[in-house]
> 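Take this structure first; my questions come after.
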Amino acid sequence: MQMEEATVRQLVKDAESLAGKEVLLRGWIRNNRDQKAFGFIALNDGTHFNSIQVVYEQEYLSNFEEVARLGVGSAISVSGCLALTPEAKQPFEIKASKIVVEGESPGDYPIQPKQHSREFLREVAHLRPRTNLFTAVFRVRSLLAFAVHRFFQERGFIYLHTPIITANDAEGAGELFRVTTLDPLNPPLNEEEKVDFSRDFFGRKTNLTVSGQLEAEAFVLAFRKVYTFGPTFRAENSNTPRHAAEFWMIEPEIAFADLNDNMNLAEEMVRYLITYLLDNAAVEMEFFNRFVEKGLLERLEKLASADFARITYSEAIKLLGRAKEKFVYPVSWGSDLQTEHERYLTEKALGKPVFVTDYPADIKAFYMRLNDDGKTVAAVDLLVPGVGEIIGGSQREERVAVLKQRMGVFNINPQDLWWYTDLRRFGGVKHAGFGLGFERVIMYFTGVNNIRDVIPFPRTVNSCDF
RNA sequence: UCCUCAGUAGCUCAAUGGCAGAGCGACCGGCUGUUAACCGGUAGGUUGCAGGUUCGAGUCCUGCCUGGGGAGCCA
């Protein structure tokens with residue numbers, strides 16, 4: 001008789017009613033402890049953070065010896081009876097009547113039933129999803145991605161796929177990855193003996209996108225509310241726990257909206273995501289709270305209920321000027337906030353997430369709307385304790401004349417972005433948006449403090465393994 | 001890119017300039033309810049790489065490589 005296959009997720013949910021029933025499970029061994037005539041296997045079947053204890057006995061298994069020798073990492077199918085064990089560490093276990101070895105794992109399997117360093121696990125990135133930490137991290141990553149879509153879809157946003165390959169060279173958001181089919185050893189040359197990109201695949205210089213914002217602005221003037229959620233590429237030589245060459249960014253854009261609407265959206269979104277996680281990943285969050293960052297849950301619950309702070313850049317400068325803290329970098333109006341300043345603001349002065357708005361125009365991008373004072377732009381950064389900047393956004397400059405003047409200041413030829421200025425000519429309205437670093441949100445919500453540990457196969461400077 | 005710390009067994013780490021070790025893992029054996037099981041035994045090393053100082057270098061010096069942390073850039 002073919003037994004119906006069960007999952008650990010189902011068992012956890014319906015343990016009471018399934019007690020005494022025969023079930024079939026398939027999964028991977030996390031730990032195997034054999035004794036003379038019986039043994040215990042911690043089995044993880046991938047459907048739940050928790051592993052299930054399988055009890056096997058010589059008396060009931062024809063292949064007891066084989067099972068007892070199975071190493072960590074081996075794959076098996078288990079048929080057995082679900083037994084409630086209220087007095088034990090685990091609420092229930094499986095008494096095996098049959099175990100089929102699906103795939104053995106020899107003694108050089110690198111993952112042991114103990115704590116490994118994150119650095120070591122990065123070197124075995126193909127196996128690390130079989131550890132508790134990465135099981136939890138990538139479950140949360142998946143849940144958060146879904147929550148992002150749900151948040152926007154519930155509010156009538158259109159999900160927009162902006163191009164991965166672009167010819168936009170104008171935004172200045174960091175170094176670009178060139179996309180080319182030219183032979184690097186023998187490229188075609190023009191009359192000036194320089195590489196002739198007109199003979200490249202697209203007939204021009206192209207690169208991987210550093211942001212979908214400009215394209216999102218085109219769509220927001222048709223759909224009113226749009227968001228992008230996709231990979232982004234920066235060829236920066238950044239060596240920090242917060243930067244990757246390939247990461248995912250969420251970029252909502254809203255029309256008929258100003259900077260305040262923008263912040264309201266950002267705040268509502270961050271809160272929504274936290275609440276979603278606490279409601280849907282309780283086991284994983286409890287794990288992070290215990291083993292990754294003590295007090296994480298308390299911090300997030302507080303975050304979900306308290307308002308974020310909002311201060312202008314000029315207020316922030318005053319606040320920093322009055323601080324007793326000794327800063328390495330001087331605080332002065334006109335220069336960008338240093339990491340130590342941002343940390344002081346969000347961690348010490350205010351002790352919660354803070355929107356800093358209205359930065360000096362000189363240190364922000366050309367597309368940000370010039371304020372009436374002529375000195376600042378309607379920009380906003382969201383700073384959070386521990387991680388720093390997770391959101392950067394602005395109200396966009398919708399006035400053609402001002403936009404062109406600002407392009408001039410930044411040495412951008414308006415012809416190169418003719419379509420972008422066109423958007424202002426034809427029914428342009430005030431609009432705003434922001435970019436949210438998806439990985440930084442995961443870091444912030446899980447306490448995992450290195451971006452390389454929240455990306456399945458991270459790409460960073462000098463590292464593109466797997 | 002700059003500053004800083006580190007690199008010793010598969011993993012986590014010890015070793016005053018003087019015999020290269022432990023715990024875990026692996027392998028072999030024991031154990032009637034374990035749960036990072038426990039107990040006994042065995043194997044396992046070009047001390048990141050290349051030079052140098054020294055009677056003698058894992059240890060000191062120089063360069064390089066790799067990794068962590070900090071800074072810049074940013075999400």
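Labels below follow one simple rule: chain letters A, B, ... track the order of the sequence lines, proteins then strands, and each chain is numbered from 1. Computation of the quantities below employed the complete heavy-atom set of this structure, encompassing side-chain atoms and omitting hydrogens, waters and symmetry-equivalent molecules.
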> Does A:Ser238 get its side chain close enough to the base of B:rC74, under 3.5 Å, for a donor-acceptor pair?
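Such a pair does not exist between side chain and base.
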
> Take N1-N3 plus N6-O4 or O6-N4 for Watson-Crick, N1-O2 plus O6-N3 for G-U, both under 3.5 Å. Which runs of 3 or more such pairs involve RNA chain B?
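So far as stems of 3 or more pairs are concerned, RNA chain B shows B:1-7 with B:65-71, B:10-13 with B:21-24, B:26-30 with B:38-42, B:48-52 with B:60-64.
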
> Mind checking if A:Thr240 touches a base, just sugar-phosphate, or nothing, with heavy atoms under 4.0 Å?
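Touches a base.
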
> Between B:rG68 and B:rG56, how far apart are the two P atoms, rounded to whole Å?
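Taking atom P in both B:rG68 and B:rG56, they lie 37 Å apart.
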
> Name the residue closer to the 5' end of RNA chain B, choosing between A:Trp248 and A:Val72 according to the nucleotide with the nearest heavy atom.
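This one resolves to A:Val72.
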
> Which part of the nucleic acid does A:Glu123 contact within heavy-atom distance under 4.0 Å: base, sugar-phosphate only, or nothing?
nothing

> With sugar-phosphate meaning primed atoms plus P, OP1 and OP2, does A:Tyr329 contact a base, only sugar-phosphate, or nothing at under 4.0 Å between heavy atoms?
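Counting heavy atoms under 4.0 Å across all strands, the contact made by A:Tyr329 is with sugar-phosphate only.
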
> Going by salt bridge (charged side-chain N to carboxylate O under 4.0 Å, His left out), name the residues that satisfy it together with A:Glu340, two or more places apart in sequence or in a different chain.
none

> Checking side-chain polar atoms at under 3.5 Å, does A:Arg396 have a donor or acceptor matched by the opposite partner on A:Ser394?
yes

> If you look at every strand shown and take non-hydrogen atoms under 4.0 Å, does A:Pro110 touch a base, only sugar-phosphate, or nothing?
nothing

> Base, sugar-phosphate alone, or nothing: which one does A:Arg452 contact when heavy atoms must sit under 4.0 Å apart?
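Here A:Arg452 touches the backbone only, sparing every base.
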
> Run the numbers on A:Arg242 and A:Glu439 for salt bridge (charged side-chain N to carboxylate O under 4.0 Å, His left out), then give the verdict.
CA-CA 9 Å; A:Arg242 304 186 304 282; A:Glu439 284 81 7; over 6 Å; no

> By centroid distance (under 5.5 Å) and plane angle (under 30°), are A:Phe438 and B:rA75 in a stacked arrangement?
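No, aromatic ring not over the base.
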
> Counting only distance, no hydrogens or angles, is the base of B:rC27 paired donor-acceptor with the side chain of A:Arg69 under 3.5 Å?
no

> Donor-acceptor pair under 3.5 Å: do we get one between A:Lys95's side chain and the base of B:rG33?
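Per atom types, the contact qualifies.
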
> Using the side-chain heavy atoms of A:Asn462, tell me which of these nucleotides is nearest: B:rU66, B:rC11, B:rG33.
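Within the option list, the nearest is B:rU66.
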
> Taking N and O atoms by type only, does the side chain of A:His116 place a donor or acceptor under 3.5 Å from a partner on the base of B:rC11?
no

> Looking at the side chain of A:Arg242, which of B:rU34, B:rC31, B:rA71 is the nearest nucleotide?
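Output: B:rA71.
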
> Taking only the C1' atom of each, what is the distance from B:rC13 to B:rA6 in whole angstrom?
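Pairwise C1' distance, B:rC13 against B:rA6, rounds to 13 Å.
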
> By salt bridge (charged side-chain N to carboxylate O under 4.0 Å, His left out), which residues pair with A:Glu123, not counting sequence neighbours?
none

> Roughly how far apart, to the nearest Å, are B:rG23 and B:rC39 at atom P?
11 Å

> Over all strands shown, is A:Asp108 touching base, sugar-phosphate only, or nothing at heavy-atom distances under 4.0 angstrom?
nothing

> Show every salt bridge (charged side-chain N to carboxylate O under 4.0 Å, His left out) that has at least one partner inside residues 84-98 of chain A, sequence neighbours left out.
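Listed once each, the pairs are A:Glu93-A:Lys95.
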
> Please lay out, stage by stage, how A:Phe229 and A:Phe438 fare under the test ring-ring contact (aromatic ring centres under 6.0 Å, His included).
CA-CA 9 Å; A:Phe229 185 12; A:Phe438 186 50; 4.9 Å; yes

> Are the charged groups of A:Arg290 and A:Glu286 less than 4.0 angstrom apart, N to O?
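No, A:Arg290 and A:Glu286 are not salt-bridged.
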
> Could you tell me whether A:Asn450 contacts a base, only the sugar-phosphate backbone, or nothing, with contacts defined as non-hydrogen atoms closer than 4.0 Å?
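Sugar-phosphate contact only.
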
> Expressed as a whole number of Å, how far does the P atom of B:rU8 sit from that of B:rC49?
10 Å

> So what does A:Gln90 hit on the nucleic acid, given a heavy-atom distance under 4.0 Å: a base, only sugar-phosphate, or nothing?
base

> For the side chain of A:His243, counting heavy atoms from C-beta on, which of B:rG72, B:rC73, B:rU66 is nearest?
B:rC73

> Could you pick out which residue, A:Phe38 or A:Gly71, lies toward the 5' side of RNA chain B when each is mapped onto its nearest nucleotide?
A:Gly71

> Taking only heavy atoms on the protein side, list every residue of residues 124-142 of chain A lying under 4.0 Å from any atom of RNA chain B, sorted numerically.
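Contacting residues: none.
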
> So, is A:Gln112 close to the B:rA36 phosphate, meaning a side-chain N or O under 4.0 Å from OP1 or OP2?
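False: A:Gln112 side-chain N/O out of range (4.0 Å or more) of B:rA36 OP1/OP2.
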
> Rounding to the closest angstrom, what is the interatomic distance between B:rA9 and B:rG21 at atom C1'?
10 Å

> Mind checking if A:Arg122 touches a base, just sugar-phosphate, or nothing, with heavy atoms under 4.0 Å?
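The residue A:Arg122 makes sugar-phosphate contact but no base contact.
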
> Roughly how far apart, to the nearest Å, are B:rC24 and B:rG17 at atom P?
29 Å

> Between B:rG33 and A:Glu57, counting only base atoms on the nucleotide and side-chain atoms on the residue, is there a donor-acceptor pair under 3.5 Å?
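Not at all, since no donor on one side and acceptor on the other fall under 3.5 Å apart.
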
> With a 4.0 Å cutoff (strictly under), does any side-chain N or O of A:Lys89 reach OP1 or OP2 of B:rA36?
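Indeed, a polar side-chain atom of A:Lys89 lies that close.
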
> Could you go step by step and tell me if A:Thr376 and A:Asn371 meet the side chain to side chain donor-acceptor pair (under 3.5 Å) rule?
CA-CA 6 Å; A:Thr376 61; A:Asn371 286 328; 2.8 Å; yes

> How is A:Phe247 classified with respect to the nucleic acid when contacts are heavy atoms under 4.0 Å: base, sugar-phosphate, or nothing?
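Base contact - A:Phe247 has a heavy atom under 4.0 Å of at least one base atom.
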
> Whether the side chain of A:Thr135 engages the backbone of A:Arg130 through a donor-acceptor N/O pair (distance < 3.5 Å, no angle test) should be reported.
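No.
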
> Any donor-acceptor pair, under 3.5 Å, between the side chain of A:Gln115 and the base of B:rU12, if you only look at N and O atoms?
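Result: no qualifying N/O pair found.
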
> Using the side-chain heavy atoms of A:Asn237, tell me which of these nucleotides is nearest: B:rG70, B:rU34, B:rU1.
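For the A:Asn237 side chain, the nearest candidate turns out to be B:rU1.
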
> Separation of A:Arg234 atom CZ from B:rG72 atom P, in whole Å?
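So the two atoms are 17 Å apart, to the nearest Å.
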
> Among A:Leu436, A:Ile391, A:Asn264, A:Ile274, whose side chain to side chain contact (heavy atoms under 4.5 Å, CB included) with A:Met269 holds?
A:Leu436

> For the C1' atoms, the ones on B:rG45 and on B:rC19, what distance do you get once it is rounded to whole angstrom?
15 Å

> Taking the inter-plane angle between the rings of A:His149 and A:Tyr159 on a 0 to 90° scale, is it parallel (under 30°), tilted (30 to 60°) or perpendicular (over 60°)?
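A:His149 vs A:Tyr159 ring planes: perpendicular.
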
> Sticking with atom P, work out how far B:rA20 lies from B:rA57, rounded to a whole angstrom.
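Pairwise P distance, B:rA20 against B:rA57, rounds to 12 Å.
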
> Picking from B:rU1, B:rG33, B:rA75, which would you name as closest to the side chain of A:Gln53?
B:rG33

> Starting at atom CG of A:Asp336, determine the distance to atom C1' of B:rA75, rounded to an integer number of angstrom.
14 Å

> Less than 4.0 angstrom between a side-chain N/O of A:Lys114 and OP1 or OP2 of B:rA36, yes or no?
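Checking B:rA36 against A:Lys114, no side-chain N or O comes under 4.0 Å of OP1 or OP2.
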
> Have a look at A:Pro241 and say if it touches a base, only the backbone sugar-phosphate, or nothing, with a 4.0 Å heavy-atom cut-off.
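A:Pro241: backbone/sugar contact only, no base atoms under 4.0 Å.
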
> To the nearest 0.5 Å, what is the distance between NE2 (A:His161) and OG1 (A:Thr228)?
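Reported value, rounded in 0.5 Å steps: 9.0 Å.
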
> Starting at atom CD of A:Glu119, determine the distance to atom P of B:rG48, rounded to an integer number of angstrom.
17 Å

> Tell me, please, which residues at least two apart from A:Lys225 pass salt bridge (charged side-chain N to carboxylate O under 4.0 Å, His left out).
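Result, salt bridge (charged side-chain N to carboxylate O under 4.0 Å, His left out) vs A:Lys225: none returned.
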
> Would you mind reading off the distance between A:Ile451 atom CD1 and B:rC74 atom P, rounded to a whole angstrom?
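After rounding, the gap between these two atoms is 15 Å.
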
